[in-house]
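For reference, the structure is listed below as structure tokens.
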4 protein chains.
Amino acid sequence: MHVAPLDPERDRAILDATMELLSEVGFDRMTVDQIAKRAKASKATIYRRWAGKPELVVDVICRRFDMDLPPGEDTGSLRGDLAALFRGLCESVERKHTLVIGLSSTLVSNQELARTLRAHMPAKDLGEVGALLERAVERGELAGPVDPGRLFGVAKALVWHRMIFTGPPIGEPFVAESVDGVLMPLVRAWAG
Amino acid sequence: MHVAPLDPERDRAILDATMELLSEVGFDRMTVDQIAKRAKASKATIYRRWAGKPELVVDVICRRFDMDLPPGEDTGSLRGDLAALFRGLCESVERKHTLVIGLSSTLVSNQELARTLRAHMPAKDLGEVGALLERAVERGELAGPVDPGRLFGVAKALVWHRMIFTGPPIGEPFVAESVDGVLMPLVRAWAG
Amino acid sequence: MHVAPLDPERDRAILDATMELLSEVGFDRMTVDQIAKRAKASKATIYRRWAGKPELVVDVICRRFDMDLPPGEDTGSLRGDLAALFRGLCESVERKHTLVIGLSSTLVSNQELARTLRAHMPAKDLGEVGALLERAVERGELAGPVDPGRLFGVAKALVWHRMIFTGPPIGEPFVAESVDGVLMPLVRAWAG
Amino acid sequence: MHVAPLDPERDRAILDATMELLSEVGFDRMTVDQIAKRAKASKATIYRRWAGKPELVVDVICRRFDMDLPPGEDTGSLRGDLAALFRGLCESVERKHTLVIGLSSTLVSNQELARTLRAHMPAKDLGEVGALLERAVERGELAGPVDPGRLFGVAKALVWHRMIFTGPPIGEPFVAESVDGVLMPLVRAWAG
DNA sequence: AGTTAAGCGAGACGGTACGTCTCGTCTTCGT
DNA sequence: ACGAAGACGAGACGTACCGTCTCGCTTAACT
């Protein structure tokens, strides 16, 4: 007996619509009807694939939520490399923050979702940051080695704080202020 | 003729219950019946005061959301003062973070709420931080003046980032790491 | 020590307002707040006097609604007198059946109230009916004396049954059918 | 396009639950939420079918409450047959008078509903009464034929009047008084 | 004249039920 | 398998009314 396979094209349309809506209105205010409508699908098609709304959202996170930053080019100076890194981080967070925020209140009372999300969060290759710092040492811009994790942690904190309490868009002034006012003084201090 | 005023005691009970529930389950999952039950009030009493759930929550934010830190004592050293400040900030954020998170997804699609919340966020008397820094200059721990707003901004960013992505409780190790690893190097760098 | 008596003026205002509203909107749609407002009284003043809405309305019926039938004229024949009596009864019941029906569900579970109402229901001076029957005996239309209470009881039953299960208005055909079909045969049989 | 029809299985569950609750707690104390809960239905499902509680109850009465009197046995005498009939009527009315009374105030302002209910009220097979009367004629107890509808109408009036203004229980004295004092004289008079 | 217990209008209050609505999920049709 | 449509359970929403309570004010004996 022939069994028609579930059309992968429909999967994508539904996942896309779900991610958009998650960002726009959050988990609770997002309805399955909205998803169906935006994906030009019927609710039956959704329920044929996923057991329910939470399962769909978990799948969205697993498949679509990659915080990869673009590889940082060598700009020739620590200041430039740091600014490029920070700018990339801003863009990445800007793209995902509404999704994270949309999910956040649900996470408090939904451990399953919280675990899944956390498992897909780090994603950033710290080697990138390490390389950036080593280049600076070689150039003589830094007196000694610096822990890349610590630096990236502060950078993330600055970006998320800005995003949550001021909201997008993030402009160049914020990048300059953060790099010149915080990150540069900090790495210099850490380097010795 | 006497006109019975709305009992302020009821206001408080309702606002308290609302704030608790906001923290526990978030805006969307919080129901008016839950609020009424917890406040030992009837729904009529709530609707006599506020036009609906959103209006009530806006009021909660306006009246109850004060991030006042306890006054920072002089501990005799910059490091001690900074640690005390940071610890107070952690406690304050720890108290409010579930509320903010509970509201956050709503804020995305509710500008009214977002604006109100933001207007009531700073609340921190920066004079406190300023005094702390001046004491350090007088003691000779810092070479020059430092912008208290900038320092407080970084501190807030660290605390909120930690709270959102790791969650409570915040322990002494995080305080030590933040003060010694970030704040102290930074103020020293800024002070010249 | 002085004890202030309940002001009878307030009684009247409340009873008046109640009667007006009863005829304007009926028992169910009339609220105690409306009564209070119209009587320029407070609900406390009402509840100080009556245990509830049904009790108040029963009192209204008792005091304001005496089921006085118009005095039955001598029409010259038993049939005519009976028809006049029955017609008067119909009108009387038609005027207040809505009230009694509105109360009925309360009466079922409140025997006290039911008894009170019942005590004021007949209101009809049975002497009237007795006189009617005596005239018939004198005229030679009846062979002997008849219990007026029994006759009136059957008449009431016919009218109320009709009112409840068919509703107003009551027309002349019903009067004729009742008098000729039931009451006349019955009194003749009773008279021996 | 397909249109899902209302599931008749749900109809039954709701009607059953309603009838149970009606007999357990009565019309007034029965809430729509209780019905929904017991029928494992949602209120929406109920309100999709009926406009409100009264309409639902009328439907219950119409579908589930046929006023069938127990078949009247031949007791050997007109007086005995009449008494048996009247007793059966009393029991039947006693069983459902609370229901009708609970509805009565709604019926006053809802002619549509009143008509529906009325159409399902008699339900009594008048053939029964007719047979009873014919037996009496055959026995020689009655001089001629009698209209069974007219007799039954008077009987109903007596019972309902008693029920509404005196309430249950109805005892044997009332039966005796009604049969001997009203019904017997009446049929004899009608029979000529 | 002053005291004082009560009545009074106003209206807030807790409670309960209502009828409406939205939403997640399931089911059926016709393509 | 898919879209369209909509029934269903669950349960929140905002409204209405009930009967109770508290508030300040007034009234009319009794001091």
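Residue numbering restarts at 1 for every chain, and letters A, B, ... go by the order of the sequence lines.
Here B:T45 reaches the OP1 or OP2 of E:dG14: one of its side-chain N or O atoms lies under 4.0 Å away. Note on C:R10: a side-chain N or O is less than 4.0 Å away from OP1 or OP2 of E:dG9. When the side-chain nitrogen and oxygen atoms of D:S42 are compared with OP1 and OP2 of F:dG11, none of them lie within a distance under 4.0 Å. Checking the phosphate oxygens (OP1, OP2) of F:dT20, no side-chain nitrogen or oxygen of C:Y47 falls inside 4.0 Å. Checking the phosphate oxygens (OP1, OP2) of F:dC8, a side-chain nitrogen or oxygen of D:R48 falls inside 4.0 Å. Residue C:R49 has a polar side-chain atom (N or O) positioned under 4.0 Å from OP1 or OP2 of E:dC8.
Summary of the strand contacts: C:A36 and D:M30 both lie near DNA chain E, and taking for each the nucleotide with the nearest heavy atom, the more 5' one is attributed to C:A36. Nearest-nucleotide assignment on DNA chain E puts the 5′-proximal partner with C:P8, out of C:P8 and B:A41. Comparing D:D7 and B:G52, the nucleotide of DNA chain F nearest to each residue sits closer to the 5' end for D:D7. Comparing B:V32 and D:P5 against DNA chain F, the residue whose closest nucleotide sits nearer the 5' end is D:P5.
The CG atom of D:D28 sits 14 Å away from the C1' atom of E:dT16 (whole-angstrom rounding). Rounded to a whole Å, the CG atom of B:L56 is 16 Å from the P atom of F:dA12. Rounded to an integer number of Å, the gap from D:E9 CD to F:dC8 C1' is 13 Å. Here F:dA12 presents its P atom at 15 Å from CZ of B:F27, a figure rounded to the nearest Å. Put simply, CG on B:D11 is 13 Å from C1' on E:dC13, counting in whole angstrom units. If you measure from atom CG of A:D33 to atom C1' of F:dA5, you get 11 Å, rounded to the nearest angstrom. Taking atom CG of D:L6 as the reference point, atom C1' of F:dA5 lies 13 Å away to the nearest angstrom. Nucleotide F:dC18 holds its C1' atom 13 Å from the CZ atom of D:R29, rounded to whole Å.
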Problem set entry | Steps toward side chain to side chain contact (heavy atoms under 4.5 Å, CB included) verdict (B:V32, B:L56) | CA-CA 10 Å; B:V32 177; B:L56 168 56; over 6 Å; no
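Nearest approach of B:A41 to B:R10, heavy atoms of both residues: CB-NH1, 3.7 Å. Scanning all heavy atoms of the two residues, the minimum distance from C:A17 to C:I35 falls at CB-O, 3.9 Å.
Judged by distance alone, with hydrogens and angles left aside, A:K43 brings a side-chain donor or acceptor within reach of the base of E:dT25, the pair sitting under 3.5 Å.
Ion pairing of D:R63 with D:D59 is present here, as a side-chain N (NZ or NE/NH1/NH2) and a carboxylate O approach within less than 4.0 Å.
Residues passing the side chain to side chain contact (heavy atoms under 4.5 Å, CB included) test with D:A51, sequence neighbours excluded: D:E55.
Among the heavy atoms of the strands lying under 4.0 Å from D:A44 is at least one base atom, whether or not backbone atoms are also near.
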